[in-house]
Protein chains: 2
Amino acid sequence: MKGIRQLAEHLDISIGTVSRALNGKPDVNEETRKRVLAAAEQLGYVANQSGRSLRQGTTNVIGLMIQSSRETVENSDNFFLTVTGGLQSVLLRHKLDLIMLPCPHDEDPYEYLKRMVARRIVDALIISETHRVDKRFDLLAKAKIPFVALGRSLSGTQHPWADLDFDGVANSAVDRLVAHGHRRIAISAPSSDINLGFIFVEGYRRALERHGIAYDPALVLRAKSSEQGGYQVGDELLKLQDRPTAVILIYELMAIGLYRRLMEAGIVPGRNIAVVSFREAPRAKFLQPALTCFRTSVHDLGVELAEILLSSMPAYSQEYPRNTRQTIWPLELIPGESDSFQLMAAE
Amino acid sequence: MKGIRQLAEHLDISIGTVSRALNGKPDVNEETRKRVLAAAEQLGYVANQSGRSLRQGTTNVIGLMIQSSRETVENSDNFFLTVTGGLQSVLLRHKLDLIMLPCPHDEDPYEYLKRMVARRIVDALIISETHRVDKRFDLLAKAKIPFVALGRSLSGTQHPWADLDFDGVANSAVDRLVAHGHRRIAISAPSSDINLGFIFVEGYRRALERHGIAYDPALVLRAKSSEQGGYQVGDELLKLQDRPTAVILIYELMAIGLYRRLMEAGIVPGRNIAVVSFREAPRAKFLQPALTCFRTSVHDLGVELAEILLSSMPAYSQEYPRNTRQTIWPLELIPGESDSFQLMAAE
DNA sequence: ACCCGTCCCGTAAACGTTTACGATCCTAGG
DNA sequence: CCTAGGATCGTAAACGTTTACGGGACGGGT
C-alpha cells in the first residue's frame with residue numbers, strides 16, 4: 001500500500017473523499033465512510049506522517065526531552081519511564097504520540113533542543129532537569145512552541161512547569177529532626193546549578209533559620225545522587241568535626257551507600273544517627289533499618305504534566321482549563337526507623 | 001524565519017541553490033555557499049523535517065522501541081539510557097537522530113509498532129525485549145524497514161540482532177558452582193515466553209546435563225526481576241525440601257531482596273549458600289558479601305547494535321561491511337564472595 | 001572564429017496529505 | 001413545475017523541501 005491515491009482508485013472514489021472519510025469529517029456519506037475504513041484496514045493503509053504534517057503544520061507528536069548526562073544516567077532509574085506512563089495515559093486519548101528525545105552526553109542541551117524545535121518534529125515539548133539559568137525556557141517561548149517543564153523555572157518570567165516539592169520536603173525533614181532534638185543536621189544535594197540542588201538546600205536553610213539554628217555551609221555535602229555518592233557522603237560526614245547527629249538525603253539510592261559507609265565505621269543508622277531521605281522508590285524498602293522518606297506517585301505527576309501541557313496548546317486548551325500552570329507537587333512522609341535516633345527534645 | 005523561500009529571497013538567490021548549498025551538493029560556488037550558511041545561521045533557519053521527509057522519503061531518525069511493561073519499568077534501570085548512549089555515539093556521526101518510542105502499557109507492542117512503521121516517522125528501528133514468538137520481526141521484514149533487535153530471534157528466519165550471552169552465563173555459572181561441589185542448584189528466571197527467560201534456563205539445563213546432573217523443574221523459580229522478585233525467590237527457596245546449596249540469579253537487583261530474605265532466615269550468602277548473578281550494575285557493589293556476577297559494557301553493546309543496524313541500511317551498508325548480523329555479546333565474570341560457600345569437590 | 005566543456009545557477013516538478021471551493025444530485029416546499 | 005437548500009462528492013491548490021533538467025557565462029583548444 002503506497003498512499004491515499006492508490007486507496008482511492010482501488011475504491012473508485014476521489015482522494016478528497018477518502019481523506020475526509022478517514023479523518024471523520026462530517027460531509028461524507030456514512031456508508032462510504034464504512035467502505036473506506038474497511039478498505040484501509042484491509043490494505044493496511046495509514047496516512048504518511050510527513051505529508052500530513054506538511055499540510056497541516058502539525059505532527060501529533062509530543063517530545064519528552066531527557067538529558068542522559070552522566071549524573072542522570074546513574075540515578076534516573078525508572079523515573080522517566082514512570083512519568084512517561086502518566087503522560088501517555090492522557091496524551092493517547094487525544095491521539096498524541098509521545099516520543100523521548102535523549103540529548104547526547106556531549107551535546108549542549110540548549111543546542112540539541114534548538115535543533116529539535118527547528119526540525120519541527122514535535123508539536124510540543126516536555127523538558128526536564130531544569131537548571132538555575134536555563135535558556136531553554138526562552139527559546140521555547142520565543143519559538144512559540146507549547147511546552148511544560150518537569151522542574152521549576154527560577155527566572156522571573158512565568159513559564160508552565162510542575163516540580164516536586166523539594167522545598168517542602170527539606171522543610172518537613174528539618175522540622176521532624178528538630179522535633180527529635182537534633183540541631184546539627186547535614187544535608188546532601190547535587191550542584192546548586194541544578195534547580196533541584198538549589199531549592200532543596202534553600203528549603204533546608206530557611207527551616208533552620210525558622211528554628212533559630214545557624215546555617216553552616218560545611219554541612220551541605222554536594223555529591224552525586226547514586227550509591228557511590230551516598231558512600232561519599234558517609235565519608236565526608238565522618239571527617240566532619242563535631243559530627244552531625246542527623247543527615248538528610250536527596251535521593252534514596254544514596255542511602256544504600258551511606259548505610260554501608262556508616263556501618264563500616266560502626267555507626268548504625270537509626271541508632272547512632274538519624275537519616276531521612278527524599279523520594280522513596282521500591283528498593284528503599286529493602287534497606288535495614290527501613291528508611292524514613294518522602295514519596296509520591298510519579299505516574300500522577302506525569303498526568304499533571306500532560307494536563308498542563310494540553311492546557312497551553314491552543315487546540316486542546318478549552319478541554320483543560322486552568323487558572324495556573326505551575327504546580328508544586330506534594331510528597332507524603334513514609335515513616336521508617338532510620339530516624340529513630342532521638343536526642344533530648346528541645347524544650 | 002519561515003522557510004527556505006524567505007531565506008532565498010533574503011539572499012536574492014534561487015531556492016534551489018540555497019538548498020544545494022545547505023546540503024553540501026557539489027555544484028555551488030564556495031563563496032555563495034558561505035553566504036548561505038552564514039545567513040542560515042544568523043536567521044536560525046533549519047530545514048523543516050516534514051518537507052524534507054516528504055520529498056526524499058527519509059526522515060534521518062532512528063527509533064528505539066521500548067516496552068514499559070510493568071516488569072520492564074521495575075527493572076530496566078538505566079539499561080536503556082546506557083544503550084542509547086552507545087547507539088548515539090555511532091548514529092550521530094551520520095547525522096541520524098535517535099528517538100525512543102515507548103510502547104504504552106495497555107497497547108499491544110505489535111500494534112504499536114505497526115502504527116509507528118506505517119506513519120513513517122523513522123527510517124529504521126531498534127526493537128527490544130524480544131519474545132519467544134515475536135511477530136514484530138516479520139512485520140518489519142515485510143515492511144522492508146531496516147531494523148536490529150536487542151534480543152535474539154528464535155524463529156527460523158535470519159534477522160539482525162545482538163543479544164547478551166545468557167546461554168554462556170548460565171553455562172559458566174553452573175560450571176563454577178559444580179566445580180565448587182554443588183549439585184543441587186536453583187535458578188531464577190522470568191517467564192519463558194520472554195526470550196531471556198527461555199534461553200537462560202536452556203543454558204542452565206544443558207550445563208547440568210553435561211555434568212550428569214538431572215534437571216529438576218522445581219528448581220526453576222520464575223519471578224520478577226526486581227528486589228521483590230528476589231525476596232520471593234528467597235521465599236520459595238526456603239520452602240523447597242532438600243534445599244539447594246546454590247542459586248543463580250538473572251538480575252543483580254534481585255540479590256538485594258534475596259539477601260534480605262535469606263538473612264531473615266539466618267542464612268548468610270557466601271557462608272551457607274552460594275549466589276551467582278547475571279548482569280552486574282553499580283549498585284551490586286554495595287551488597288555484602290560482594291556479589292559474584294557477570295558484567296559487560298552496555299554502552300558498547302549499543303555501539304554494536306548501531307553498527308549492525310547501519311550495515312543493513314542501504315545508504316550506509318558499504319561503510320559497515322559485515323559477514324554476520326547476529327552477535328552474541330560476551331560477559332565477563334566478576335568474582336565476589338557470595339559464592340564462597342563450597343561443598344566437597346566432586347572428585 | 002568556432003566549438004566544447006565546466007561551473008554555476010534558476011525553473012519546475014514531485015513527494016502525500018488536507019481542505020477550501022464549487023459542482024452535482026436529490027428532496028421538499030411553494 | 002420551479003427553486004432553495006442540504007447532502008455528498010470531485011477538483012485543485014497548498015504545505016516546504018529536494019533534485020532532474022536545462023541554460024548562460026566563460027575559458028581553452030583547435
Side-chain angles (χ1 to χ4, degrees), chain A residues 1-37 39-40 43-61 95 97 115 117-123 143 315, chain B residues 1-37 39-40 43-61 95 97 115 117-123 143 315:
Chain A
M1 175 52 41
K2 300 296 292 300
I4 199 175
R5 200 119 36 195
Q6 281 70 21
L7 181 57
E9 66 189 32
H10 171 261
L11 282 165
D12 206 39
I13 296 185
S14 91
I15 106 178
T17 306
V18 173
S19 172
R20 279 189 295 266
L22 291 173
N23 293 5
K25 293 297 158 87
D27 53 349
V28 44
N29 191 322
E30 270 316 314
E31 204 259 342
T32 357
R33 188 193 305 278
K34 271 188 200 138
R35 273 181 57 218
V36 173
L37 289 177
L43 300 182
Y45 169 81
V46 177
N48 177 305
Q49 187 59 42
S50 302
R52 164 180 301 195
S53 303
L54 184 56
R55 169 61 217 232
Q56 49 185 24
T58 186
T59 66
N60 289 335
V61 176
K95 291 190 178 301
D97 270 311
R115 253 175 58 213
V117 166
R119 279 184 131 203
R120 236 146 281 195
I121 204 179
V122 294
D123 285 347
Chain B
M1 173 53 39
K2 301 294 292 302
I4 199 174
R5 200 120 35 194
Q6 282 69 22
L7 181 57
E9 66 189 34
H10 171 260
L11 284 164
D12 206 38
I13 294 185
S14 90
I15 110 179
T17 306
V18 172
S19 173
R20 278 190 296 266
L22 291 173
N23 294 4
K25 292 297 159 87
D27 53 349
V28 45
N29 191 322
E30 269 316 314
E31 204 259 340
T32 353
R33 188 192 305 278
K34 271 187 199 138
R35 274 181 58 219
V36 173
L37 288 178
L43 300 182
Y45 168 80
V46 176
N48 177 305
Q49 188 58 43
S50 301
R52 166 182 298 198
S53 303
L54 184 56
R55 170 59 217 235
Q56 49 186 25
T58 187
T59 65
N60 289 335
V61 176
K95 292 189 177 301
D97 271 312
R115 252 174 60 214
V117 167
R119 279 184 129 201
R120 236 147 283 195
I121 203 179
V122 294
D123 285 348

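Quick note on labels: first sequence line is chain A, next is B, and so on, each numbered from 1. These numbers come from the heavy atoms of this one structure, side chains and all, not from hydrogens, waters or symmetry mates.
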Please report the interatomic distance NZ(B/K25) to OG1(B/T17), rounded to the nearest 0.5 Å. 12.5 Å
Does a side-chain N-to-carboxylate-O contact under 4.0 Å join B/R33 and B/E30? yes
So which one's nearest nucleotide on DNA chain C is more toward 5', B/R55 or B/N29? B/N29
Go through DNA chain D in 5' to 3' direction and return only the first and the last nucleotide with some atom under 4.0 Å of chain B's heavy atoms. D/dG16 to D/dA20
Restricting to non-hydrogen atoms, name the atom on B/S50 and the atom on A/L54 that form the minimum distance, rounded to 0.1 Å. CB-N, 3.8 Å
With nearest nucleotides of DNA chain C determined for B/G51 and B/E30 from heavy-atom distances, which residue corresponds to the more 5′ nucleotide? B/E30
How would you label the contact of A/S53 with the nucleic acid (heavy atoms, under 4.0 Å): base, sugar-phosphate, or nothing? nothing
Are A/D123 and A/V61 packed together at the side-chain level, in the sense that at least one heavy-atom pair is separated by less than 4.5 angstrom? no
B/T59 side chain reached by B/I121 side chain, heavy atoms, under 4.5 Å: no
Mind checking the OG-CD1 spacing from B/S19 to B/I13? Nearest 0.5 Å is all I need. 12.5 Å
DNA chain D contacts made by residues 11-21 of chain A, counting heavy atoms under 4.0 Å: A/I13, A/S14, A/G16, A/T17, A/R20
Kindly indicate whether the side chain of A/Q49, heavy atoms from C-beta on, has any atom under 4.5 Å from the side chain of A/R52. yes
Does A/D27 reach a base, just sugar-phosphate, or nothing at all? Heavy atoms under 4.0 Å. base
In Å, rounded to the nearest 0.5 Å, how long is the span from CG of B/N48 to OG of B/S53? 8.0 Å
